[in-house]
Student: 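If you scroll down you'll find the structure; I have some questions about it.
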Protein chains: 2
Amino acid sequence: MAKKSKSEVTAERLYTISMEHFLNKGFDQTTMRDLATAAELSPGAFYYHFPNKEAVIQQFYQRSFETFEAECRAVFASTEKFEDRLTGVLKARLSTFEDSRELLIVLSRSAVDPRSPLSPFSDGQKEIREATIQIFREMIQTSDLKCEKRLRPYLPELFWMYLMGIMLFWIFDESQNQEKTDALLQQLTRQIVRLVRFTRIPLSGTVLTPLIKTLDFIRPLEPKKESTI
Amino acid sequence: MAKKSKSEVTAERLYTISMEHFLNKGFDQTTMRDLATAAELSPGAFYYHFPNKEAVIQQFYQRSFETFEAECRAVFASTEKFEDRLTGVLKARLSTFEDSRELLIVLSRSAVDPRSPLSPFSDGQKEIREATIQIFREMIQTSDLKCEKRLRPYLPELFWMYLMGIMLFWIFDESQNQEKTDALLQQLTRQIVRLVRFTRIPLSGTVLTPLIKTLDFIRPLEPKKESTI
DNA sequence: AAAACAATTTGAACGTGTTTAAAAAAGATG
DNA sequence: CATCTTTTTTAAACACGTTCAAATTGTTTT
């Protein structure tokens, strides 16, 4: 067992207390003084362990990612069918937030601010983003997906963006148990997969080539040792 | 000329002063006390005219919409080619924010909060949203676009969502003059238009029918007097 | 154990968005 | 004009995220 510093232990305790409050009273309704009081600390001491309020749910996001990752691996182990894998990944990501929609909403607020380190597009989130994209890479690699060769390397990031879009939809989905998101996700994924497959028949001149050119202009692929892929 | 109450006149003045500050110092850097001082008012008096800080840029958004609408009409008058119209509309919407990207970013912050009345998806924004969708309706109606009949009524709202997506991309686009957004918009629009056209060849059983079913489940069309359309 | 250093905690204060009770100004009515 | 009503303004205060200088506690070195 690794020795933990007092600070680490305290931070863990503060995190637990904070999450309890957030889930009960909501993020906005929970005040930093509330948290400090509950932890029998002064506000200042709380700030010694967390740089700010959002950092606490940031940690929640971080942890929930691990659950998500595990679920994805389980899905990949269970099927090679690409469509099933993709829907599986999407559902896995949403299921992690089922009981805490408000927290995802709060995270989303900073999500669209390019300057916020909490934005999934920002540098501060690079690690989680890359890890998620890596999951999509794995999803593709060992699956039965066939598609135009040139498009393939762009797919992981494109699917990641698709995931972001689905999460956004879910946030706004007020239907019972977010069943509408479920329906959309199911159908849309199916058609997207079809579309990707469809790229195998030659339509390069007027469709794929310019599109790939644009993709590369917007977000050039990093040079990568092909061996590991 | 309509008689204007003193309050209306004052609100107008406050708006002007506020926008000057926002554009010079940025939204976050401008304090309510700054604005009140500049207007030679107490903070409280300022709040008599605007319910809160964001309401001021909300008004900016409202006004910018009118410019946008006019530009769209000009585009429609100049061409019937659907693709040109769609790219025209998208570019028109972005051009309105060219000089004030930060303000759009600020607006976007509440954009992803379902509970914020400033969200383009919310009830509070229904008017502008409906008006924008109406523009897309006009764009389609008098254009040369051919597509599957059943899909047609869903297109205006779908294109509106496409616009939202493009705006989001633009917010994050740090390239020179947001040229990447421009490239994406151009290429993506072209392929989307193709895809829509493509729906005319029969693929109903496995593609279009279930997709339309899902669309209708998620966002049923309102019953409408067909005559006016 | 004393001294030096580091980690943690405190409580007061700051900045800023917003509210509020009361005053002042403007308008309407007799 | 005097009175009543409504609109507008004021100054002070609140709430809450956050910062900070100083105090306390804990650990290491001599």
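Proteins come first, then strands; the chains are lettered A, B, ... in the order of their sequence lines, and each starts at number 1.
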Student: Please report the interatomic distance CG(A:Leu94) to CG(A:Asp182), rounded to the nearest 0.5 Å.
Tutor: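 With rounding to 0.5 Å, CG (A:Leu94) is 8.0 Å from CG (A:Asp182).
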
Student: Is there side-chain contact between A:Leu107 and A:Leu103, with heavy atoms separated by less than 4.5 Å?
Tutor: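 SC-SC contact between A:Leu107 and A:Leu103 ruled out.
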
Student: Taking distance alone, no hydrogens or angles, what donor-acceptor pairs closer than 3.5 Å link side-chain atoms of residues 20-29 of chain A to residues at least two apart or in another chain?
Tutor:
residue: A:Asn24; atom: ND2; partner: A:Glu20; partner atom: O; Å: 3.3
residue: A:Lys25; atom: NZ; partner: A:Asp34; partner atom: OD2; Å: 3.0
residue: A:Asp28; atom: OD2; partner: A:Arg109; partner atom: NH2; Å: 2.8

Student: Scan residues 42-61 of chain A against DNA chain D and write down, sorted by residue number, each residue with any heavy atom closer than 4.0 Å; if none is found, say none.
Tutor: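 Residues of residues 42-61 of chain A that come under 4.0 Å of DNA chain D are, in numerical order, A:Gly44, A:Tyr47, A:Asn52, A:Lys53.
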
Student: Let me check the geometry of the helix from C:dA1-D:dT30 to C:dG30-D:dC1. What is the bend angle between the axes at its two ends, five pairs each, to 10°?
Tutor: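 Result, rounded to 10 degrees: 10°.
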
Student: Output one line per pair: protein atom, nucleotide atom from nucleotides 21-24 of chain C, and distance, for all N/O pairs under 3.5 Å.
Tutor:
none

Student: Can A:Gln134 and A:Glu130 be counted as having a side-chain donor-acceptor contact under 3.5 angstrom?
Tutor: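 On atom types as modelled, these side chains do not qualify, holding no pair under 3.5 Å.
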
Student: Can a side-chain donor-acceptor contact be found between B:Arg63 and B:Gln59 if the only test is distance below 3.5 angstrom?
Tutor: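 Note: B:Gln59 and B:Arg63 side chains meet the donor-acceptor criterion.
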
Student: Here's one to test your reading of the geometry: is the NZ or CZ of A:Arg101 within 45 degrees of the ring axis of A:Trp170 and under 6.0 Å from its centre?
Tutor: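 Yes, A:Arg101 sits over the ring of A:Trp170.
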
Student: Any side-chain heavy-atom pair from A:Gln125 and A:Gln58 closer than 4.5 angstrom?
Tutor: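 Answer yes - side chains close enough.
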
Student: Crowded around A:Glu179 CD? As in, over 12 foreign heavy atoms under 6.0 Å?
Tutor: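 Enclosed.
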
Student: Indicate yes or no for a side-chain donor-acceptor contact from B:Arg129 to the backbone of B:Ser122 under 3.5 Å, with no hydrogens or angles considered.
Tutor: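 Side chain of B:Arg129 to backbone of B:Ser122, a donor-acceptor pair under 3.5 Å: yes, one is there.
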
Student: Tell me which residues in residues 21-41 of chain B put a heavy atom below 4.0 Å from DNA chain D, sorted by number, or none.
Tutor: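 Per residue number, the list reads B:Arg33, B:Leu41.
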
Student: Apply ring-ring contact (aromatic ring centres under 6.0 Å, His included) to residues B:Phe82 and B:Phe159 and explain how you reach the verdict.
Tutor: CA-CA 12 Å; B:Phe82 184 74; B:Phe159 283 129; 5.6 Å; yes

Student: Under the criterion side-chain contact (heavy atoms from CB on, under 4.5 Å), I'd like the reasoning laid out for A:Ser119 against A:Asp113: C-alpha separation, chi angles, the key distance, then a yes or no.
Tutor: CA-CA 6 Å; A:Ser119 164; A:Asp113 189 339; 5.8 Å; no

Student: Do the charged groups of B:Glu71 and B:Lys91 touch, with an N to O distance under 4.0 Å?
Tutor: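 Between B:Lys91 and B:Glu71 there is no salt bridge, as every charged N stays at least 4.0 Å from the carboxylate O atoms.
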
Student: If you measure only the distance, is there a donor-acceptor pair under 3.5 Å linking the side chains of B:Ser64 and B:Arg93?
Tutor: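 Judged by distance alone, the side chains do pair up.
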
Student: What residues in residues 102-116 of chain B put a non-hydrogen atom under 4.0 Å from any atom of DNA chain D?
Tutor: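 Hits under 4.0 Å, by residue number: none.
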
Student: Taking everything shown except A:Arg190 itself, do over 12 heavy atoms lie less than 6.0 Å from its CZ?
Tutor: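 No, the 6.0 Å shell around CZ holds no more than 12 heavy atoms from other groups.
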
Student: When you compare the side chain of A:Phe68 with that of A:Thr132, does any pair of heavy atoms fall below 4.5 Å?
Tutor: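 Yes - at least one pair of side-chain heavy atoms lies under 4.5 Å apart.
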
